[in-house]
Engineer: 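The structure's right below; bear with me while I get my questions together.
Within every chain, numbering begins at 1; the chains are lettered A, B, ... in the order of the sequence lines, protein sequences first and strands thereafter. In this text, all values refer to a predicted model and were calculated from it rather than measured experimentally.
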Amino acid sequence: MPLVLYNTLTRRKDVFEPLNPGHVGMYVCGPTVYDRAHIGNARPVIVFDVLYRLLKALYPSVRYVRNITDVDDKINARAKDSGETIAVITERTTRLFHEDMAALNCLAPDVEPRATAHIAQMIAMIGRLIATGHAYEAEGHVLFAVGSMAEYGAFSGRSKDEMIAGARVEVAPYKNDPGDFVLWKPSPPELPGWDSPWGRGRPGWHIECSAMSLEHLGATFDIHGGGQDLVFPHHENEIAQSTCANGKPFARYWLHNGWLMVEGEKMSKSLGNFFTVRDLLDQAPNETQGGEAIRLAMLATHYHQPFDWTAEALRQARTTLDRLYTALRAVADIDANGYDVVPTPVLAALEDDLNTPLAISHLHEQASALNKAAHLEDKARCKGALLASGRLLGLLGQSPEAWFRGAAVGGPSDADIEAAIVARAEARKARNFAEADRIRKDLAERGVVLEDGAAGTSWKRA
RNA sequence: GGCCGGGUGGCAGAGUGGCUAUGCAGCGGACUGCAAAUCCGCGUACGUCGGUUCAAUUCCGGCCUCGGCCUCCA
């Protein structure tokens with residue numbers, strides 16, 4: 001069945017057809033590197049990682065571009081406050097961003113352009129906008145003239161009157177129209193700046209994505225993604241800049257993930273409900289569980305819906321993974337090579353506008369089928385299906401033993417646990433159940449759960 | 001105020017014009033020395049008021065209500 005995506009441009013689900021058959025181009029707005037990624041930053045990365053995996057499964061060639069914004073007033077402010085240089089801040093933050101996203105099992109994009117490496121392209125694009133009458137220079141600034149574009153506002157569904165009426169900030173005196181936005185602004189000597197036809201300055205926020213998508217994907221490309229909050233003004237302005245500068249249509253399918261809440265409230269530092277990805281990874285019972293649990297929790301809600309991040313949601317994600325890895329652990333010694341086929345229902349769910357919750361429900365059904373499978377062939381088939389489904393979602397990629405045992409975080413060592421299990425087995429053999437239960441209880445209190453099975457006792461850190 | 005998206009069983013969360021996911025929690029049973037895990041079974045939900053229909057949780061309209069955006073924000 002065809003891939004269908006909810007397209008903000010048309011406000012309905014559209015059948016996806018790449019511009020060039022067999023080749024897909026996707027651009028997603030990446031981070032501004034001034035601070036560690038919080039869980040809100042993680043959502044689009046995870047969502048579009050699943051889309052990337054799906055596209056790779058469906059098309060022979062996919063080019064995924066996600067930018068790094070490394071010139072921005074927030075970065076400048078951070079440098080001023082901390083005394084560190086801008087380069088130190090952006091390089092470190094970029095590295096930590098990569099680490100955090102890798103921990104969430106997100107694949108690296110094919111191209112990760114940095115804004116500061118594309119200043120020349122931005123200047124060229126601004127020049128074209130001035131030449132075609134879509135931008136003007138005023139007091140060292142270059143501004144996009146929204147009045148020069150009849151369709152401005154159509155994407156985000158607002159009229160110019162509304163935008164003017166809604167303008168909350170004081171309108172800069174050099175603007176011809178209150179809705180005009182900055183393409184280039186002057187930089188004083190102490191701030192990052194580049195020489196340009198309009199003097200030493202730095203780019204506005206929106207122009208970088210227009211310049212970098214053009215450079216790496218061309219004027220017209222398939223998919224542009226980002227958070228819902230970027231629809232206006234960021235994406236509206238990107239469309240204005242790119243279509244006016246290039247004279248061609250811009251992105252064809254626009255996808256936006258919903259906002260993230262925390263325990264029912266908007267996440268903010270002042271409310272004290274602000275979590276970085278690292279905070280949550282550190283809270284996991286072992287170092288192998290955190291990232292995958294966060295990822296599953298995020299995917300358990302459809303990307304278009306608001307997502308309420310709660311401790312309970314994370315706990316449930318971990319329980320779900322316990323269940324799935326339990327099923328896989330029971331067949332750890334069964335070879336599933338040749339059976340790694342994604343079952344149709346899973347593929348169909350994802351092809352229907354990335355319905356990850358439905359896909360996950362199929363994972364559960366596959367785990368049940370695996371638990372019930374009686375014959376070797378059945379087990380291999382079910383295991384292969386579950387693993388292939390998981391891989392498409394970026395889940396279930398580690399060995400069950402790694403999931404359950406992880407690395408000791410303060411608790412008893414693997415050797416201590418094994419020794420206790422031997423001692424308990426002897427007590428059980430001697431029918432000294434009081435002692436056996438005492439050992440089990442003792443381990444439980446130290447975070448280790450024992451499970452007696454037909455093949456002996458297994459354990460996990462929980 | 002304008003625009004947009006929601007309100008589903010104890011909880012999370014899909015979906016559908018009639019056959020009413022999935023998981024967690026709960027209850028009963030099997031298995032187990034006891035547990036855990038697993039398996040079997042149980043609980044019949046769709047904000048509200050109208051309309052369309054043989055039939056609506058699903059379509060349409062009003063109302064109530066929650067959330068987001070409206071040039072910092074993923």
Engineer: Give the rounded distance in Å between these two atoms: CZ of A:Arg43 and P of B:C73.
Structural biologist: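 After rounding, the reported distance stands at 19 Å.
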
Engineer: Measure distances between side-chain N and O atoms of A:Asp452 and base N and O atoms of B:C34, and say whether any donor-acceptor pair falls under 3.5 Å.
Structural biologist: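 Between B:C34 and A:Asp452, which were checked side chain against base, a qualifying N/O pair under 3.5 Å is present.
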
Engineer: Nearest of B:G15, B:U38, B:A74 to any side-chain atom of A:Asn355?
Structural biologist: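 For the A:Asn355 side chain, the nearest candidate turns out to be B:G15.
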
Engineer: By nearest atom, which of the nucleotides B:A37, B:A74, B:C34 is closest to the A:Thr326 side chain?
Structural biologist: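 Closest nucleotide among those given: B:A37.
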
Engineer: Among the nucleotides B:A74, B:C34, B:A14, which one has an atom lying closest to any side-chain atom of A:Leu230?
Structural biologist: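 Looking only at heavy atoms from C-beta outward on A:Leu230, the closest nucleotide is B:A74.
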
Engineer: Would you call the rings of A:Phe250 and A:Trp254 parallel, tilted or perpendicular, taking 30° and 60° as the class edges?
Structural biologist: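 The rings of A:Phe250 and A:Trp254 sit tilted, inter-plane angle from 30° to 60°.
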
Engineer: Please state whether the phosphate of B:C39, meaning OP1 or OP2, lies under 4.0 angstrom from any side-chain nitrogen or oxygen of A:Asn371.
Structural biologist: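 Yes.
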
Engineer: How would you summarise protein contacts on nucleotides 17-31 of chain B per nucleotide, using B for base, S for sugar-phosphate only and - for none, with heavy-atom distances below 4.0 Å?
Structural biologist: ----BSBS-------

Engineer: Both A:Asp180 and A:Thr301 contact RNA chain B. Taking the nearest nucleotide for each, which residue is further toward the 5' end?
Structural biologist: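 Result: A:Thr301.
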
Engineer: Roughly how many Å apart are B:A36 and B:A25, using the P atom of each and rounding to a whole number?
Structural biologist: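 After rounding to an integer number of Å, I get 11 Å for this pair.
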
Engineer: Taking atom types as they are modelled, is there a donor-acceptor pair under 3.5 Å from the base of B:G68 to the side chain of A:Asp229?
Structural biologist: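 No, no donor-acceptor pair under 3.5 Å.
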
Engineer: In whole angstrom, what separates A:Tyr34's OH from B:C73's P?
Structural biologist: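 The distance from OH of A:Tyr34 to P of B:C73 comes to 9 Å, rounded to the nearest Å.
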
Engineer: Taking the P atom in each of B:G17 and B:U58, what is the distance between them to the nearest angstrom?
Structural biologist: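 Roughly 11 Å separates the two P atoms.
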
Engineer: Considering only B:C70, B:A14, B:G33, which nucleotide approaches the side chain of A:Phe232 most closely?
Structural biologist: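 Given the options B:C70, B:A14, B:G33, the side chain of A:Phe232 is closest to B:C70.
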
Engineer: Tell me if the side-chain of A:Arg440 makes a donor-acceptor pair with the base of B:C34, cut-off 3.5 Å, by modelled atom types.
Structural biologist: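 Per atom types, the contact qualifies.
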
Engineer: Please list, chain by chain and in numerical order, all residues satisfying ring pair (Phe, Tyr, Trp, His ring centres under 6.0 Å) with A:His234, sequence neighbours excluded.
Structural biologist: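 Ring pair (Phe, Tyr, Trp, His ring centres under 6.0 Å) check on A:His234 returns A:Trp205, A:His206.
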
Engineer: Return the nearest nucleotide to the side chain of A:Trp259; candidates are B:C73, B:A36, B:G67.
Structural biologist: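 Out of B:C73, B:A36, B:G67, the nucleotide with an atom closest to A:Trp259's side chain is B:C73.
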
Engineer: Could you tell me how far apart A:Phe275 (CZ) and B:A74 (P) are, to the nearest whole angstrom?
Structural biologist: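 For the pair A:Phe275 CZ and B:A74 P, the rounded distance is 19 Å.
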
Engineer: Please tabulate, one pair per line, all N/O donor-acceptor pairs under 3.5 Å involving side-chain atoms of residues 386-397 of chain A, not counting sequence neighbours.
Structural biologist:
unit_1	atom_1	unit_2	atom_2	d
A:Ser389	OG	A:Gln366	OE1	3.2
A:Ser389	OG	A:Gln366	NE2	3.2
A:Ser389	OG	A:Ala385	O	2.8

Engineer: For RNA chain B, just give me the dot-bracket, please: Watson-Crick or G-U, both distances below 3.5 Å, ( ) intra-strand, [ ] crossing earlier pairs, | paired with another strand, . unpaired.
Structural biologist: (((((((..(((.....[...))).(((((.......)))))....(((((..]....))))))))))))....

Engineer: Under the rule for ring pair (Phe, Tyr, Trp, His ring centres under 6.0 Å), what residues qualify as partners of A:Phe144, not counting sequence neighbours?
Structural biologist: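 A:Phe144 satisfies ring pair (Phe, Tyr, Trp, His ring centres under 6.0 Å) with A:Phe181 only.
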
Engineer: I'd like to check the salt bridge (charged side-chain N to carboxylate O under 4.0 Å, His left out) partners of A:Glu435; sequence neighbours left out, ordered by chain and number.
Structural biologist: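 Here the qualifying residues are A:Arg438.
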
Engineer: When all nucleic acid strands are considered with a 4.0 Å heavy-atom cut-off, which category describes A:Phe433: base, sugar-phosphate, or nothing?
Structural biologist: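 Here A:Phe433 touches the bases of the nucleic acid.
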
Engineer: Can you measure from OG1 (A:Thr94) to CD1 (A:Ile68) and round to the nearest 0.5 angstrom?
Structural biologist: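 Spacing of OG1 (A:Thr94) from CD1 (A:Ile68) equals 4.5 Å.
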
Engineer: Let me know the distance between NE2 of A:His302 and P of B:G68, rounded to the nearest Å.
Structural biologist: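 Result: 20 Å.
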
Engineer: For a quick check of understanding: with a heavy-atom distance under 4.0 Å over all strands, which category does A:His304 fall into, base, sugar-phosphate or nothing?
Structural biologist: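 The residue A:His304 makes no contact with any strand.
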
Engineer: So what does A:Gly226 touch, heavy atoms closer than 4.0 Å: a base, only the sugar-phosphate, or nothing?
Structural biologist: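 Answer is sugar-phosphate: A:Gly226 comes under 4.0 Å of backbone atoms only.
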
